[in-house]
Amino acid sequence: MSRAAVTEVKTERHPNMATDTQSRELTDGFHLVIDALKLNDIDTIFGLPGIPITDLTRMAQAEGMRVISFRHEQHAGNAAAAAGYLTQKPGICLTVSAPGFLNGLTALANATTNCFPMILISGSSEREVVDLQQGDYEEMDQLAIAKPLCKAAFRVLHAQDIGVGVARAIRSALSGRPGGVYLDLPAKLFAQTLDAVEGRNSLIKVVDPAPRQLPAPDSVQRALALLKGAKRPLIVLGKGASYAQADADIRALIEKTGIPYLPMSMAKGLLPDTHEQSASAARSYVLAEADVVMLVGARLNWLLSHGKGKTWGTPGAKQFIQIDIAPTEMDSNVPIAAPLVGDIGSCVAALLGGVGSGWAKPPAAWTGAINERKDKNLSKMAETLAKNPSPMNFHSALGVVREVIKARPDVMLVNEGANTLDFTRSIVDMYEPRKRLDVGTWGIMGIGMGFAVAAAVVTGKPVIAIEGDSAFGFSGMEVETICRYNLPICVVVFNNNGVYRGTDVNSSGTADVAPTVFVKGARYDKMMEAFGGVGVHATTPAELSKAIDEALASGKPTLINAVIDETAGTESGRITMLNPQTAAKK
Ligand SMILES: Cc1ncc(C[n+]2csc(CCOP(=O)(O)OP(=O)(O)O)c2C)c(N)n1
Ligand SMILES: [Mg+2]
């Protein structure tokens, strides 16, 4: 129990006590929240102080928790989400009432969409006043607003229920499909006192919060039979597969079966991208031509064209096996011939058991055709990367990052933007699991600095954040946070003067620039210098390479303003086709 427990002199007569005056230890809501988190091995809070949680941040720090204080709650929330993804423990984001809560809510919703476990804990105004809408300080019915945007939402009104509230939040975030949970703590709760022993006894250490969920044996057999009969099998790994931390078994399954695989963005590195069975460089070919596709922790959402359409070749010619912990994921877009419902570790282990040692590798006609395309595309890529145009473009700049990660595969890579995202994903190979953090299922901008901070804090490894100049702007003020905690983060801003490109023109003839264009020649490196970090202006791959190497060697907060050809990008990067096109002519 916390050191800061208060002592109260009790004067009323207690039936079991011999004397009228007894002193007893008291605890309070503040300390019960901290103790409940610590009891469950949660050691870090990402947040932003203010009424009513300022003392909670101070006390948590005094009680030995790491409290990382941000400049905007959205980034604290994103950090919590990334921490959850990397550790399989819910990341904690702590905010003030109404506006702070709302600022954190985008991150909570994004975490839920991405299946990252996090808990948004927000202080709130007094129930009596909020419910009668009497105009309290930062009045808002936060619980009701959070509910549709997360897995579960709870409110604790009494200090003796804090243990249950925190336990329910942890179990909800981690069990089944992980996601975001909201915990509402009204201001009054924090000051409530409780007998210290009673308080301690009210806390719950959650046992087995993410229990294994074994797949039904017949579902395993069904999947194996389908896989065995395939002529052109393919395995698709999603970020669920990365989250599962079943790295050795996933690799063994792929290598024992000899089946080509495709990693989704955040599954890159689960096996090294240079693995001979990686089909990344022949992506469109394998998606169109495969006859049996096994999805491992990957959903058939927009990122996989919903499992249908031109991307997937002849309609109806494909059969899917899907491993997912949520049974309702099955058939969400196309029929799933062999649903495998369970946790990824258990499902993959069960499949491995069934594969045994005598598994026949896929026909050489299939793997040969893939390799042919891979070789062609990889040598095309090598040719492009060998060029050194002036000004620097995405390829020549990313050729540098590619070499850095090859030499330092332990480095964490954060990535957002449009062209900056797409080119980084395809050019920079990853070699180790869970090293790549990016915009995920929503393609959301603004995760950059929050994810980078979490990556540094949670892993202790150096972080490189490859950021479009627009993407960086969403969380740019957090460079102060990076400097304040002296984190080994190297931010590289791919500065092409705008969203997608810097070349758009305003066709109206007024003085305003086009909506996608920024200040030309901006010096983002100066932002880092303003807070004591290292700022570098890089216009060539050689300068960029030197600056990244120095940042990794020194571990100092660094921001490199990498000047990229403003004409080099395309509208929305690789997803131009998602922009609505009107047939109407003006
Ligand atoms: C929260 C949010 N707002 C807006 C968008 C739309 N959007 C997609 S990419 C992008 C920025 C792209 O520009 P930049 O980061 O500079 O990358 P570039 O293509 O120039 O390399 C924007 C604003 C989004 N995805 N998320
Ligand atoms: Mg840009």
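Atoms within each ligand, like the ligands themselves, are counted from 1 in listed order.
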Total protein N/O/S atoms sitting under 2.8 Å from the Mg ion (ligand 2), waters ignored, is 3
- prompt: Going through the distances and angles, do Asp422 and Arg425 end up as a salt bridge (Lys or Arg N to Asp or Glu O under 4.0 Å)?
  reply: CA-CA 5 Å; Asp422 293 337; Arg425 188 180 53 232; 3.0 Å; yes
Report all N/O contacts between ligand 1 and the protein shorter than 3.5 Å as a table of atom names and distances to 0.1 Å; if there are none, say 'none'.
unit_1: ligand 1; atom_1: 15 (O); unit_2: Ala471; atom_2: N; d: 2.9
unit_1: ligand 1; atom_1: 16 (O); unit_2: Asp469; atom_2: N; d: 3.3
unit_1: ligand 1; atom_1: 16 (O); unit_2: Asp469; atom_2: OD1; d: 2.6
unit_1: ligand 1; atom_1: 16 (O); unit_2: Ser470; atom_2: N; d: 2.9
unit_1: ligand 1; atom_1: 16 (O); unit_2: Gly498; atom_2: O; d: 3.0
unit_1: ligand 1; atom_1: 17 (O); unit_2: Ala418; atom_2: N; d: 3.2
unit_1: ligand 1; atom_1: 19 (O); unit_2: Asn419; atom_2: N; d: 2.8
unit_1: ligand 1; atom_1: 19 (O); unit_2: Asn419; atom_2: ND2; d: 2.9
unit_1: ligand 1; atom_1: 20 (O); unit_2: Asn496; atom_2: OD1; d: 3.2
unit_1: ligand 1; atom_1: 20 (O); unit_2: Asn496; atom_2: ND2; d: 3.0
unit_1: ligand 1; atom_1: 20 (O); unit_2: Gly498; atom_2: O; d: 3.1
unit_1: ligand 1; atom_1: 20 (O); unit_2: Tyr500; atom_2: N; d: 3.1
unit_1: ligand 1; atom_1: 21 (O); unit_2: Thr420; atom_2: N; d: 3.0
unit_1: ligand 1; atom_1: 21 (O); unit_2: Thr420; atom_2: OG1; d: 2.6
unit_1: ligand 1; atom_1: 25 (N); unit_2: Gly443; atom_2: O; d: 2.8
unit_1: ligand 1; atom_1: 26 (N); unit_2: Met445; atom_2: N; d: 3.1

- Task: Could you give me the CA-CA distance, side-chain angles and deciding distance for Ile405 and Leu413, then say whether side chain to side chain contact (heavy atoms under 4.5 Å, CB included) is met?
- Result: CA-CA 9 Å; Ile405 298 293; Leu413 188 78; 4.2 Å; yes
Check: With a 6.0 Å cut-off on ring centres, are Tyr182 and Phe101 close enough?
Finding: yes
Taken in chain and number order and not counting sequence neighbours, the residues that satisfy side chain to side chain contact (heavy atoms under 4.5 Å, CB included) with Glu432 are Pro409, Asp410, Lys435
Given the options Thr95, Asn78, Asn103, Thr106, Glu73 meets side-chain hydrogen bond (donor to acceptor under 3.5 Å, both in side chains) only with Asn103
Main chain of Ala109, side chain of Trp442: is a donor-acceptor contact present, judged purely on distance under 3.5 Å?
no
Donor-acceptor pair, distance only, cut-off 3.5 Å: does the side chain of Arg402 make one with the backbone of Ile427?
yes
inquiry  = For a 4.5 angstrom cut-off between non-hydrogen side-chain atoms, does Leu48 reach Ile53?
reply    = no
Taken in chain and number order and not counting sequence neighbours, the residues that satisfy ring-ring contact (aromatic ring centres under 6.0 Å, His included) with Tyr524 are Phe472
